[in-house]
Amino acid sequence: MPGQGLDYSTLFNRDLPPPAAAWEGHPKYNFIGGHSDPDMVPMEGFVESAGRVFRGDPRNISMYNFDGGPQGITPLRQFVVDKLAQHRGINVTTDEVLITSGSGLAIELINEILLEEGDTAIVEAFSFSGALGNLRRRKVNIVGIDVDQDGMRMDHLATALEDLRNKGVRPKYIYTIPTLQNPTGTVMTMERRHQMLELSEEYGVPIFEDECYADLIFEGEYENAIRSLDDSNRVLHIGSFSKTLGPGTRLGYVVASWDVMSRLLSRKNDAGTGVMDQMIVGDYFNHHYEDHILEMRSSLKRKCDALSSALRESFGPSIEFEIPQGGMYLWVKLPNGVDSRQLAGPALKEEIAFNPGPDWSADPDAAANYIRLCFALPSEDEIWEGIGKLADVFRREGAVP
């Protein structure tokens, strides 16, 4: 007779999150996550780049970390160096760049070397859910700082830092998404970037700058990165290729001085980020970055305009939102008293998915009446159809008039 099955429930780590639901596929109207436009993925360009790189040295595949060592292959790191210098005002060398399996791993590695249970981290009041979740899993104390149309408020940051100092607490870092902030879409002014660096120096707290969306400006140019203003080692800087090519590429990077980089490498235990992805992306971007990014920005702007118009037509004055200067998200405020968490299930039954606001907030209850909508994946027709159906769901549930 077959033996009785083993009950793993008594063996699981006690700190595990609840079990994941079985995968049932993507909904028709998908406004969640950081998906990108499939029509903007340069498949023919990838094929050409693959043909070039696969005629190269086979030791890149047959050996661990052959070209460039554990920090990533040299051509891709050199592209990062050149792009940061041209577009973000950051001047570094390839020795200061680490390629990671997405910016999520970059966040994980920085947290791994800096944070212990009971530490304190400062974040924007509304912030990236992945970063917030990582802090919560590590049982780190989170201090949220208000954000307005000009980014994180420096007067509130100064007050928080002084209060923490008076309590004998030195935060491990100030985490900020200064350029096209996730989820609000705001851009921090240059004045505030200078002020943040001054506060970092005054209180001895590093800045953790996440610029995953900085390439996605719709028009014109943005302020340079905070890292570009740093003449010491106060700013840890990360970025991503997932938002400019697609999350399936799973490539990001960290910019850090060697005293930090050497510790990051000591905790990067994945035997190296996938080399084939690095080679193809490095070759493609070294040949086509400018043309590709201009097309991506144009597509995202059209979809942002479509989403904004659809929300106004379907919801009217019952909701509030600011049109961002770039990126791929709209942060939408529902009427006071509405809990967006209670609306996600009814919407999903109609094949509409959105991100409830509490997942993107240092204080979940403070964002109960917000939702985040990603406009990059659906077509313009799907945006109009999906938002119309979403308004019907919200009215049926009594969330909007």
Side-chain angles (χ1 to χ4, degrees), residues 26-46 83 86-88 102-103 126 128-130 149 151 177-188 210-223 225 238-252 281 284-285 288-314 321-332 352-355 360 371-387 390:
H26 288 292
K28 181 177 181 180
Y29 306 104
N30 190 335
F31 298 100
I32 65 172
H35 303 295
S36 61
D37 186 344
D39 292 335
M40 288 291 102
V41 177
M43 298 305 292
E44 289 301 317
F46 285 168
K83 179 178 79 79
Q86 181 175 352
H87 295 283
R88 306 306 303 134
S103 62
F126 300 142
F128 172 43
S129 65
Q149 69 275 10
I177 310 171
T179 307
L180 297 173
Q181 204 265 354
N182 180 13
T184 66
T186 57
V187 177
M188 186 185 294
D210 185 342
E211 281 218 321
C212 284
Y213 305 95
D215 292 339
L216 302 181
I217 176 177
F218 290 158
E219 297 172 330
E221 293 292 337
Y222 286 144
E223 290 85 349
I238 68 170
S240 174
F241 299 101
S242 299
K243 305 304 181 289
T244 49
L245 287 172
T249 56
R250 303 314 311 137
L251 289 174
V281 169
Y284 176 77
F285 267 159
H288 303 290
Y289 174 77
E290 298 295 342
D291 290 340
H292 173 80
I293 204 65
L294 288 175
E295 291 183 15
M296 176 69 75
R297 292 168 177 172
S298 178
S299 173
L300 288 173
K301 187 177 188 308
R302 288 194 302 270
K303 292 189 175 189
C304 182
D305 291 344
L307 178 57
S308 302
S309 298
L311 286 168
R312 290 193 183 102
E313 180 173 305
S314 296
F321 61 90
E322 297 289 335
I323 299 177
Q325 300 174 54
M328 54 206 311
Y329 308 116
L330 274 186
W331 184 237
V332 181
I352 311 162
F354 64 85
N355 290 121
W360 308 83
I371 62 173
R372 195 195 75 153
L373 300 172
C374 177
F375 50 79
L377 173 64
S379 67
E380 291 178 53
D381 287 343
E382 288 169 340
I383 288 172
W384 280 97
E385 293 171 9
I387 294 304
L390 186 66

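Quick caveat, the model's predicted, so the values are computed rather than measured. Heavy-atom basis, side chains included; hydrogens, waters and symmetry copies ignored.
Here the closest non-hydrogen pair linking Ala353 and Pro27 is CB-CG, 3.5 Å. Nearest heavy-atom pair, Cys374 versus Pro378, reported as atom, atom and distance to 0.1 Å: O-CD, 4.1 Å. Closest of all the heavy-atom pairs between Leu180 and Gly327 is CD1-N, 3.5 Å.
Inter-residue side-chain proximity for Phe31 and Ile383 is flagged as met; some heavy-atom pair is nearer than 4.5 Å. Between Phe218 and Gln325, every side-chain heavy-atom pair lies at or beyond the 4.5 Å cut-off. For the pair Phe285 and Phe241, the minimum side-chain heavy-atom distance is below 4.5 Å. Side-chain contact between Glu219 and Lys301: present, with at least one pair of heavy atoms (C-beta onward) separated by less than 4.5 Å. Between Leu373 and Leu307 there is a side-chain heavy-atom pair separated by less than 4.5 Å.
Residues forming a ring pair (Phe, Tyr, Trp, His ring centres under 6.0 Å) with Tyr213 (at least two apart in sequence, or on another chain): Tyr329. Remark: Trp360 pairs with no residue by the ring pair (Phe, Tyr, Trp, His ring centres under 6.0 Å) rule, at least two apart or across chains. With sequence neighbours left out, the ring pair (Phe, Tyr, Trp, His ring centres under 6.0 Å) criterion links Tyr284 to Phe46, His288, His292.
Rounded to the nearest 0.5 angstrom, Ser103 OG and Leu251 CG are separated by 10.5 Å. One finds the CE atom of Met188 at 8.0 Å from the OG1 atom of Thr179 (value rounded to the nearest 0.5 Å). Taken to the nearest 0.5 Å, the CD1 atom of Ile177 stands 10.0 Å off from the CD atom of Glu211. Atom OG of Ser309 is separated from atom CH2 of Trp384 by 5.0 Å, given to the nearest 0.5 angstrom. For the atom pair CD1 of Ile352 and CD1 of Ile387, the computed distance is 8.0 Å after rounding to the nearest 0.5 Å. Taken from CG in Asp37 to CD in Glu380, the straight-line distance is 9.5 Å, to the nearest 0.5 Å.
When atom types are taken as modelled, the side chain of Asn30 and the backbone of Ile32 share a donor-acceptor pair closer than 3.5 angstrom. Between the side chain of Arg372 and the backbone N or O of Gly33 there is at least one donor-acceptor pair closer than 3.5 Å. Looking at Arg88, its side chain does come within 3.5 Å of a backbone N or O of Glu223 through a donor-acceptor pair. Here the side chain of Ser314 pairs no donor or acceptor atom with the backbone of Leu311 at under 3.5 angstrom. Judged by distance alone, with hydrogens and angles left aside, the side-chain atoms of Asp210 form a donor-acceptor pair with the main-chain N or O of Cys212 at under 3.5 Å. The main-chain N or O of Met296 is never found under 3.5 Å from a side-chain atom of Ser299 such that the two would form a donor-acceptor pair.
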- Message: If you apply the rule side-chain contact (heavy atoms from CB on, under 4.5 Å), what do you find for Phe126 with Asn182, and how did you get there?
- Response: CA-CA 8 Å; Phe126 300 142; Asn182 180 13; over 6 Å; no
- Could you go through the side-chain contact (heavy atoms from CB on, under 4.5 Å) check for Leu216 and Met328 one step at a time? CA-CA 8 Å; Leu216 302 181; Met328 54 206 311; 4.2 Å; yes
- Task: Might you work through the ring pair (Phe, Tyr, Trp, His ring centres under 6.0 Å) test for Phe321 and Trp331, ending with a clear yes or no?
- Result: CA-CA 6 Å; Phe321 61 90; Trp331 184 237; over 10 Å; no
- Could you check Arg302 against Ser298 for side-chain hydrogen bond (donor to acceptor under 3.5 Å, both in side chains), going step by step and ending with a plain yes or no? CA-CA 6 Å; Arg302 288 194 302 270; Ser298 178; 3.0 Å; yes
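You'll find the ring centres of His35 and Phe375 outside the 6.0 Å limit.
A salt bridge does not link Asp215 to Lys243: none of the charged side-chain nitrogens sits closer than 4.0 Å to a carboxylate oxygen. With salt bridges taken as basic N to acidic carboxylate O contacts below 4.0 Å, none links Glu382 and Lys28.
Side-chain contact, Gln181 with Thr186: no donor N or O sits under 3.5 Å from an acceptor N or O.
At most 12 non-hydrogen atoms from other residues, nucleotides or ligands lie less than 6.0 angstrom from CD of Glu322.
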